[in-house]
Colleague: 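I'd like to ask some things about the structure below.
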Number of protein chains: 2
Amino acid sequence: MPRDTLTRDQIVHTAVALLDAEGLEGLNMRALGKRLDSAATAVYWHVKNKDNLVLLATDQVWGELELPDLDAVDWRTATTAMAVDLYGMFTRHPWLVQAFAAHVLYGEGKARHDDHSLAVYEAAGFTRDQADQAASAVFTYVLGNAAGVAATASLTRKLTRDDTAAEEQFQDAMAKAQEIAMRYPHLRARLETPAAATYAAAPDQAFEVGLQILLDGLEQQVAA
Amino acid sequence: MPRDTLTRDQIVHTAVALLDAEGLEGLNMRALGKRLDSAATAVYWHVKNKDNLVLLATDQVWGELELPDLDAVDWRTATTAMAVDLYGMFTRHPWLVQAFAAHVLYGEGKARHDDHSLAVYEAAGFTRDQADQAASAVFTYVLGNAAGVAATASLTRKLTRDDTAAEEQFQDAMAKAQEIAMRYPHLRARLETPAAATYAAAPDQAFEVGLQILLDGLEQQVAA
DNA sequence: GCAGTGTCTTGCACAAAGTTCAAGATAGCT
DNA sequence: AGCTATCTTGAACTTTGTGCAAGACACTGC
């Protein structure tokens with residue numbers, strides 16, 4: 001064993017931690033080096049470049065997912081569990097969404113997840129095309145939700161860090177948003193009612209309800 | 001009129017063009033300056049910073065959307081049209097997705113769109129909460145689809161530009177992806193059949209079918 | 001016509017960040 | 001003990017965002 005040498009695994013792990021804490025634009029090689037107690041450039045021996053590092057981090061994170069037992073539960077329970085789990089992954093690692101929008105990321109983790117999805121749908125009586133469609137639609141829906149979460153996370157990070165200037169900029173944006181919303185009748189109605197905080201304030205709940213609606217649609221399809 | 005001065009509008013327009021052509025990471029102030037035939041830093045007189053510029057570009061692009069006449073068509077036709085239009089916007093400007101995942105973007109354009117969505121659903125008999133939920137779910141679904149499109153667009157750009165190194169890297173990734181897929185039975189089955197090109201090759205079609213499924217779910221909800 | 005002022009543009013410069021490279025350090029092998 | 005393969009380091013180059021001071025231009029009032 002060479003002295004106290006870096007590992008690719010250790011680097012990826014640290015990168016994930018950094019990404020979680022600082023977001024995609026907060027990841028930089030020098031900061032990573034500092035966390036690893038090594039020169040920034042030492043990383044380049046183990047990893048081709050930054051893009052590649054993000055890709056490895058993505059693969060790593062997919063490993064967190066648990067796949068439900070196919071025989072133990074009905075398909076809606078199973079797909080709901082998978083979708084919620086996926087959503088959780090994105091929530092824990094908001095930078096993932098940006099990574100997904102920026103590069104085509106297909107690796108072991110996604111393959112494992114997709115395969116299991118397809119298995120669930122096919123076991124439930126979906127044709128192969130229907131299963132494809134269902135898996136794709138659900139993943140897409142989760143990803144879309146995750147984008148909202150990621151945006152919010154980025155904002156939150158900015159606000160908790162340099163509360164000096166960012167705070168008032170935020171207040172400004174909020175005020176402007178409100179002013180805009182007031183000019184549109186349906187949005188206005190929502191602002192003017194106590195129950196205003198419906199879905200905007202509870203993205204997780206909106207996600208789950210929407211998911212069930214989507215699954216309703218899928219169920220209807222397979223029943224026909 | 002001062003000589004040949006820059007306009008904020010002109011800058012934003014050019015920025016959109018550059019973003020469309022080069023993607024989010026292809027937008028830089030010096031390139032923008034070159035397109036505008038001015039110094040890169042001249043932009044800073046009209047725009048606070050790069051983030052702000054992207055935000056303005058986003059607003060600009062929302063203006064492209066057409067809103068269907070509420071009385072002319074039934075709600076499914078209307079929402080389908082809106083969703084497809086939205087999807088088109090994301091397809092034409094893939095960088096939008098990344099922008100949406102990176103910042104909370106709420107402006108005139110989104111407000112206008114949201115308001116009209118809500119109007120459609122409420123006119124169709126959805127309760128207010130149901131309308132909220134429906135609008136959110138559909139937008140989210142479109143955004144998720146757009147993420148896939150954006151990723152592909154970024155890849156395509158990379159491939160058409162420096163075909164030298166990127167090409168073989170791409171082939172490499174494809175080969176690896178295939179190798180992975182072969183280890184998972186359901187994915188493998190899809191690779192081994194002529195009909196393999198189902199949804200992976202036709203994202204637009206998958207989008208529309210999935211959208212209808214989601215709308216089925218929503219319809220069921222309002223009928224109950 | 002001319003000085004003055006407000007509006008915009010430019011060039012310079014700096015800092016942050018990705019990446020390369022040559023040189024150094026270390027562990028194991030002979 | 002020396003050689004080599006494996007890593008680490010520091011310096012350096014490049015790209016990119018952005019601040020700043022100085023300049024250029026048009027329009028005003030005299």
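The chains referred to below are lettered A, B, ... by the order of the sequence lines, with proteins before strands, and numbering in each begins at 1. Values in this document were obtained by computation on a predicted structure and should not be read as measured data.
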Colleague: Which residues pass the ring-ring contact (aromatic ring centres under 6.0 Å, His included) test with B:Y184, not counting sequence neighbours?
Modeller: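 Testing B:Y184 for ring-ring contact (aromatic ring centres under 6.0 Å, His included), a comparison that skips the adjacent residues, returns none.
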
Colleague: Rounding to a whole Å, what distance do you find between A:N49:CG and C:dG18:P?
Modeller: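 That distance rounds to 11 Å.
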
Colleague: Grab the CE-P distance between A:M29 and D:dC13 for me, whole Å please.
Modeller: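 In whole Å, D:dC13 P lies 21 Å from A:M29 CE.
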
Colleague: C:dA16 P sits how many Å from B:K50 NZ, rounded?
Modeller: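 Distance, rounded to whole Å: 17 Å.
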
Colleague: Using a 4.0 Å heavy-atom cut-off across all strands, classify A:L53 as base, sugar-phosphate, or nothing.
Modeller: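 Counting heavy atoms under 4.0 Å across all strands, no contact is made by A:L53.
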
Colleague: What residue among A:Q178, A:M182, A:R183 forms side chain to side chain contact (heavy atoms under 4.5 Å, CB included) with A:I180?
Modeller: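 Result for side chain to side chain contact (heavy atoms under 4.5 Å, CB included) with A:I180: A:R183.
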
Colleague: According to salt bridge (charged side-chain N to carboxylate O under 4.0 Å, His left out), does anything in residues 37-64 of chain B pair up with another residue at least two apart or in another chain? List the pairs.
Modeller: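 Matches after skipping sequence neighbours: B:E64-B:R92.
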
Colleague: Can you name the side chain to side chain donor-acceptor pair (under 3.5 Å) partners of A:Q169, sequence neighbours left out?
Modeller: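 If we apply the side chain to side chain donor-acceptor pair (under 3.5 Å) test to A:Q169, skipping adjacent residues, there are no hits.
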
Colleague: Please tabulate the protein-to-nucleotide N/O contacts below 3.5 Å involving nucleotides 10-12 of chain D, giving atom names and distances.
Modeller:
| from | atom 1 | to | atom 2 | distance (Å) |
| --- | --- | --- | --- | --- |
| D:dG10 | O6 | A:T41 | OG1 | 2.9 |

Colleague: Which residues in residues 13-25 of chain B have at least one heavy atom lying under 4.0 Å from any atom of DNA chain C?
Modeller: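 Listed by number, there are none.
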
Colleague: Name all pairs fulfilling the salt bridge (charged side-chain N to carboxylate O under 4.0 Å, His left out) condition that reach into residues 10-20 of chain A, sequence neighbours left out, sorted by first residue then second.
Modeller: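 Of all non-adjacent pairs touching residues 10-20 of chain A, none passes salt bridge (charged side-chain N to carboxylate O under 4.0 Å, His left out).
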
Colleague: Round to a whole Å and report the spacing from CG of A:L6 to P of D:dT8.
Modeller: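 Rounded to whole Å, this separation is 4 Å.
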
Colleague: Over all strands shown, is B:L36 touching base, sugar-phosphate only, or nothing at heavy-atom distances under 4.0 angstrom?
Modeller: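 Touches nothing.
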
Colleague: CG of A:D51 versus C1' of C:dT19: gap in Å, rounded?
Modeller: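 Nearest whole value for this atom pair: 13 Å.
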
Colleague: With sequence neighbours left out, what residues match A:E208 under salt bridge (Lys or Arg N to Asp or Glu O under 4.0 Å)?
Modeller: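 Here no residue qualifies.
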
Colleague: Round to the nearest Å and state the distance from A:W45 atom CH2 to C:dT19 atom C1'.
Modeller: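 Rounding to the nearest Å, CH2 of A:W45 and C1' of C:dT19 are 17 Å apart.
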
Colleague: I want to check one thing: is the phosphate of D:dT6, taken as OP1 and OP2, less than 4.0 Å away from some side-chain N or O of A:H46?
Modeller: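 For A:H46, the contact criterion (side-chain N or O under 4.0 Å from OP1 or OP2 of D:dT6) is not met.
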
Colleague: To the nearest Å, give me how far apart CG (A:N28) and P (C:dA17) are.
Modeller: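 Roughly 4 Å, once rounded to whole Å.
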
Colleague: To 10°, what angle do the rotation axes through the five end pairs on each side of the helix from C:dG1-D:dC30 to C:dT30-D:dA1 form?
Modeller: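 Taking the rotation axis at each end, their angle is 20°.
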
Colleague: Return the set of residues passing side chain to side chain donor-acceptor pair (under 3.5 Å) with B:Q171 (not counting sequence neighbours), or none when no residue passes.
Modeller: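 Side chain to side chain donor-acceptor pair (under 3.5 Å) list for B:Q171, sorted by chain: B:E167.
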
Colleague: Round to a whole Å and report the spacing from CD of A:Q10 to C1' of D:dT8.
Modeller: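 That distance rounds to 13 Å.
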
Colleague: Take atom CD of B:E179 as the centre, draw a 6.0 Å sphere, and report whether it contains more than 12 heavy atoms from other residues, nucleotides or ligands.
Modeller: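 Yes, because the 6.0 Å sphere around CD of B:E179 holds more than 12 heavy atoms from other groups.
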
Colleague: What residues form a ring-ring contact (aromatic ring centres under 6.0 Å, His included) with A:Y121, not counting sequence neighbours?
Modeller: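 Partners of A:Y121 under the ring-ring contact (aromatic ring centres under 6.0 Å, His included) test: A:F126.
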
Colleague: With sequence neighbours left out, write down each residue that passes side chain to side chain donor-acceptor pair (under 3.5 Å) with B:T80, or none if nothing qualifies.
Modeller: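 With neighbours one apart ignored, the set is B:Q212.
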
Colleague: For B:Y106, what residues pass the side chain to side chain donor-acceptor pair (under 3.5 Å) criterion, not counting sequence neighbours?
Modeller: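 Result, side chain to side chain donor-acceptor pair (under 3.5 Å) vs B:Y106: none returned.
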
